[in-house]
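Here is the structure we will look at.
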Amino acid sequence: MNIHEYQAKEIFKRYNVPTPNGHVACTTDEAVANAQKLGGTLWVVKAQIHAGGRGLGGGVKLARSLEEVKTLANEILGMTLVTHQTGPAGKVVHKVYIEEGVAIADELYLGIVLDRAREMPVIMASREGGMEIEKVAAESPEKIIKVAVDPFIGFQPFHGRELAYGLGLEKEAIASFSAFAASLYKVYMENDAELIEINPLVKTKSGTFVALDGKMSFDDNALFRHPEIEAMRDLSEENPIEREASEFGLSYVKLDGNVGCMVNGAGLAMGTMDTIHYVGGFPANFLDVGGGANATTVAKGFEIILKDPNVKSIFVNIFGGIVRCDRIANGILEATKLIDVHVPVIVRLDGTNAKEAAEILKNAHIPNIISATDLLEGAMKAVAAAKGEIA
Ligand code: ADP
Ligand code: MG
């Protein structure tokens, strides 16, 4: 689960991770009142969406008067913000964060991410703050310092020094940087975060480190331990189809292609998507209907896949291990009675009772259900059907 910048900063404050003062607003009037409450002469109006790159997209702007706060909040609230992380459709801005302006001396990058291969959180730091870190990683990976922290040992002063020396910080800054990193590590561990990113982490003109931006993602499986974080969930930021699927126990991820996929098992689902690519097509989604696939899950699967208007064919690829293929075949027939499946459906059922399943489908004589005997043939037929070459 992801949260907004203003929420990440609320958490930072609880752990004494320095961030500028600020207040979130949903209306222009509230934005101006927030700026007044903050006082000072320089404010930043920041669009709150679950995506980075807001600055470049026009979603982060400096205001030098209350009048300007008003104009900018008015402009940003309700805008569709397009950044390199939102995709071309962009995201509508429902909230702005009004923050005090900070006099920046230096912009750094600091992040913590779970390294699954090392089974440890890794702290990453770079002098290239404010830049797209993915770009830095691709073009000059040596500019990113990585320090893994064994969770049984925890963050130690030597971790802080290793990062600070790697960044080439001057002597006076080392202790305060280390303290900052130690607090951030505590935020990460105590809240079961998967990722924290501060880009930029700035050194102010007075020499202190301040989190100017804040991004946090959490381990969904640990959310039950953190009701106060679960309460920060913003459903308007999540894909509505993915949300509905998760309510029915289906793992669905929308993609940009036109071949809908309904598969049991995440590995087979990945293999199916690869095979569709291999034969020149593009999957419209990842969908794992799980081990206990039945008529209801298959029907729900069809319904979810067909909510995406790009879908031109559906490839059902189910391996009957625990589930029996004849049950799935009957499930498919029942599902087509429950909902209008208006695109060709290519069905490959293999494993337990595959022969019986093939008979059931053949005898049903439904014109838009096309059988396939193996994965490659199924993928080829599904891609051809999506191109309108078979129906
Ligand atoms: P994003 O990463 O989505 O573009 P940021 O929060 O990093 O959004 O803001 C973009 C840029 O705006 C920062 O790199 C920084 O230069 C500037 N900025 C953001 N917040 C402040 C602030 N409180 N004071 C001064 N400048 C800021
Ligand atoms: Mg940023």
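Ligands are counted one by one from 1 in listed order, and the atoms in each one are counted from 1 as well.
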Protein heavy-atom partner closest to atom 4 (O) of ligand 1 - residue, atom, separation in Å: G55 N, 2.7 Å
Nearest neighbour in protein (non-hydrogen) for atom 23 (N) of ligand 1: E99 OE1, 2.7 Å
Co-membership, hydrophobic cluster, residues F12 and F218, 4.5 Å side-chain: yes
Check the surroundings of atom CD1 in I322: do more than 12 heavy atoms from other residues, nucleotides or ligands lie under 6.0 Å from it? no
Give the contacting part of N199 toward ligand 1: side chain, backbone, both or neither, where contact means a heavy-atom distance below 4.0 Å. backbone
Which option out of I49, L42, L212, T19 puts a heavy atom nearest to atom 18 (N) of ligand 1? L212
Could you tell me whether G52 and ligand 1 have an N or O pair separated by under 3.5 Å? no
Near P200, which atoms of ligand 1 are under 4.0 Å from a heavy atom of that residue? 7 (O), 13 (C), 14 (O)
For the 3.5 Å polar cut-off, considering only N or O atoms, please tell me whether V44 and ligand 1 meet it. no
For ligand 1, which atoms, with element, lie under 4.0 Å from some heavy atom of G53? 1 (P), 2 (O), 3 (O), 4 (O)
Check whether the ring centres of Y97 and H23 lie less than 6.0 Å apart, and answer yes or no. no
Ring pair (Phe, Tyr, Trp, His ring centres under 6.0 Å) with H159: which residues, sequence neighbours excluded? F155
Atoms in ligand 1 with a heavy atom of R54 nearer than 4.0 Å: 1 (P), 3 (O), 4 (O), 5 (P), 6 (O), 8 (O)
Identify the residue among K95, E237, E5 that makes a side-chain hydrogen bond (donor to acceptor under 3.5 Å, both in side chains) with Q48. E5
Given 3.5 Å as the limit, does a donor-acceptor pair link the side chain of S176 with the main chain of T208, or not? no
Which atoms of ligand 1 are found less than 4.0 Å from any heavy atom of G101? 24 (N)
Show all protein N/O/S atoms under 2.8 Å from the Mg ion (ligand 2), or state that there are none. N199 O, D213 OD2
When you check the side-chain N and O atoms of Y6 and E99, is any donor under 3.5 Å from an acceptor? no
Please check if the number of heavy atoms outside L56 that lie under 6.0 Å from its CG is greater than 12. no
Suppose we measure from atom 5 (P) of ligand 1 to each protein heavy atom; which comes out shortest, and what is that distance? D213 OD2, 3.4 Å
Can you confirm whether the side chains of H50 and D234 place a donor and an acceptor under 3.5 Å from each other? no
Which atom pair, heavy atoms only, marks the closest approach of A335 to F302? CB-CD1, 3.7 Å
Result for side-chain hydrogen bond (donor to acceptor under 3.5 Å, both in side chains) between N317 and one of N264, T272, D374 points to T272
Protein contact to atom 19 (C) of ligand 1 [nearest heavy atom, distance to 0.1 Å]: K46 NZ, 3.5 Å
Between E100 and ligand 1, which residue portion shows a heavy-atom distance shorter than 4.0 Å: side chain, backbone, both, or neither? backbone
Would one find an N or O of E5, backbone or side chain, under 3.5 Å from an N or O of ligand 1? no
Should V102 be counted as touching ligand 1, given the test is an N or O pair under 3.5 Å? yes
Which bit of V60 is near ligand 1, meaning a heavy atom under 4.0 Å away: side chain, backbone, both or neither? side chain
When distances are taken from atom 14 (O) of ligand 1, the protein heavy atom at minimum range is E107 OE2, 3.3 Å
K254 side chain reached by K307 side chain, heavy atoms, under 4.5 Å: no
Give a yes or no on whether a salt bridge exists between E68 and K61, defined as a side-chain N under 4.0 angstrom from a carboxylate O. no
How far does CD of E194 sit from OH of Y188, to the nearest 0.5 angstrom? 7.0 Å
